[in-house]
Amino acid sequence: GEAAEVPIVVLSGRDDEALALKAVQAGAQDYLVKGQIGEEVLQRSIRYAIERRRAERRLAESEERMRAILESALDAVITMDRNGQIVEFNPASEKIFGFRRDAAIGKRMVDLIIPKRLREDHNRGLELYLKTGAARMLGRRVEVTALRADGLEFSAELAITRVGSKEPPMFTAFVRDIGEKVRAQNALRESEERLQRVISNLKEGLIISDMQGDLLDWNQAALAMHGLTSADKCGQRLSECAKIFELSTLEGTILPIEE
């Protein structure tokens, strides 16, 4: 409540170090003994107590904001110490990896979320940084293979940063599941490869251009029909090929040369 926000300075007639320690542990900002201080010292102690309380409140508010960010983040946010042991594991980490926070805390991150065959490389990277300060992965986004609690592997984007500059160092890893993105990219690549095979095997000559008339692709039949070995020999504009090929839209509408 409001009383907890009021800085407390204990002014006592007892010069008792044990009592002073208990008072401070209970929340007092200072413990002063009557007869051993003057008005100036008392005023300074009260002023310092007020400033310390304000600083503590600002720190608490900052930590609360940080906690809110971690709790609502869509990416996994995992903080580890210099030994690679996890000290923070946000809700997104639980969802992505399938481990409860209390089960993850204290475990080595590499042993928890990295496939066994890849752990040694990650361990060497951490050891190299601690010994030399050389960072292979710090501050970079890299694609890695990650491991879920059920043993399934998935593609992830990983970025590791050092937390502050204090020693011993702490690190935070930001992990994003990009499995869907990778699957979509693979599907698109496979689709484009199938289309390219179809175009290459067509017996009809086919060239493809964009709406500005710039040539994008030729199939082998189109080149062979006119004794060409390269699309370069017929120019790079669709209008330059109008004397050789009949031009049409994808729907089959014949286009005049000027279009």
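The model shown is predicted, which means the values in this text are computed figures rather than measured ones.
The residues Arg141 and Glu157 are annotated as salt-bridged, a charged nitrogen and a carboxylate oxygen being separated by less than 4.0 angstrom. Using a 4.0 Å cut-off between charged side-chain N and carboxylate O, Arg148 and Asp150 make no salt bridge. Residues Glu167 and Arg162 are paired through a salt bridge, judged by an N-O separation under 4.0 Å between the basic side chain and the carboxylate.
From Gln185, atom CD reaches atom OG of Ser155 across 9.5 Å, with rounding to the nearest 0.5 Å. If you take CD on Gln196 and CG on Asn201, they are separated by 10.0 Å, rounding to the nearest 0.5 Å. Rounding to the nearest 0.5 Å places CD1 of Ile86 at 9.0 Å from CE of Met80. A distance of 8.5 Å separates CZ in Arg119 from CG in Leu112, rounded to the nearest 0.5 Å. The structure places CZ of Arg176 at 11.0 Å from CZ of Phe174, a figure rounded to the nearest 0.5 Å. The line from CE of Met109 to CG of Leu126 is 9.0 Å long, rounded to the nearest 0.5 Å.
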Dump the intermediate steps for side chain to side chain contact (heavy atoms under 4.5 Å, CB included) on Lys95 and Asp177, then the final yes or no. CA-CA 11 Å; Lys95 181 178 180 181; Asp177 184 348; over 6 Å; no
Might you work through the side chain to side chain contact (heavy atoms under 4.5 Å, CB included) test for Asn123 and Arg108, ending with a clear yes or no? CA-CA 10 Å; Asn123 286 330; Arg108 297 189 73 250; 3.1 Å; yes
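Residues Pro169 and Leu130 share a closest heavy-atom pair of CG-CD2, 3.8 Å. Of all the heavy atoms in Gly98 and Ala149, the pair that sits closest is O-CB, 3.5 Å. In terms of heavy atoms, His122 sits closest to Leu118 at CD2-O, 3.2 Å.
Among Ile113, Leu158, Val175, the one residue that satisfies the side chain to side chain contact (heavy atoms under 4.5 Å, CB included) test with Val144 is Leu158.
Transitive grouping of hydrophobic side chains (ILVMFWY, heavy atoms separated by less than 4.5 Å) brings Ile96 and Ile160 into a common cluster. At a threshold of 4.5 Å between side-chain heavy atoms, the hydrophobic network of Ile, Leu, Val, Met, Phe, Trp and Tyr places Leu74 and Ile178 in two separate groups. Criterion: ILVMFWY side-chain heavy atoms under 4.5 Å apart, direct or through other members. Under it, Leu128 and Val142 are not part of a common hydrophobic cluster.
Heavy atoms of other residues, nucleotides or ligands lying less than 6.0 angstrom from CD of Glu143 number 12 at most.
With sequence neighbours left out, the salt bridge (Lys or Arg N to Asp or Glu O under 4.0 Å) criterion links Arg82 to no other residue. Residues passing the ring-ring contact (aromatic ring centres under 6.0 Å, His included) test with Phe99: none are found, sequence neighbours excluded.
Below 30°, between 30° and 60°, or above 60°: for Phe89 and Phe97 the angle between ring planes is between 30° and 60°, a tilted geometry.
Other members of the cluster containing Met170 are Val87, Val163, with ILVMFWY side chains joined at under 4.5 Å, either directly or via other members.
Contact check for Phe171 versus Ile78: no side-chain heavy atoms found under the 4.5 Å cut-off. Counting heavy atoms from C-beta outward, Ile114 and Leu147 have side chains that stay 4.5 Å or more apart.
For Lys107 (side chain) and Ala103 (main-chain N/O), a donor-acceptor pair under 3.5 Å exists by modelled atom type. Between the side chain of Asn90 and the backbone N or O of Asp75 there is at least one donor-acceptor pair closer than 3.5 Å. Between the Asn83 side chain and the Gln85 main chain, no donor and acceptor come within less than 3.5 Å of each other.
Using modelled atom types and a 3.5 Å distance limit, the side chains of Thr161 and Thr172 yield no donor-acceptor pair.
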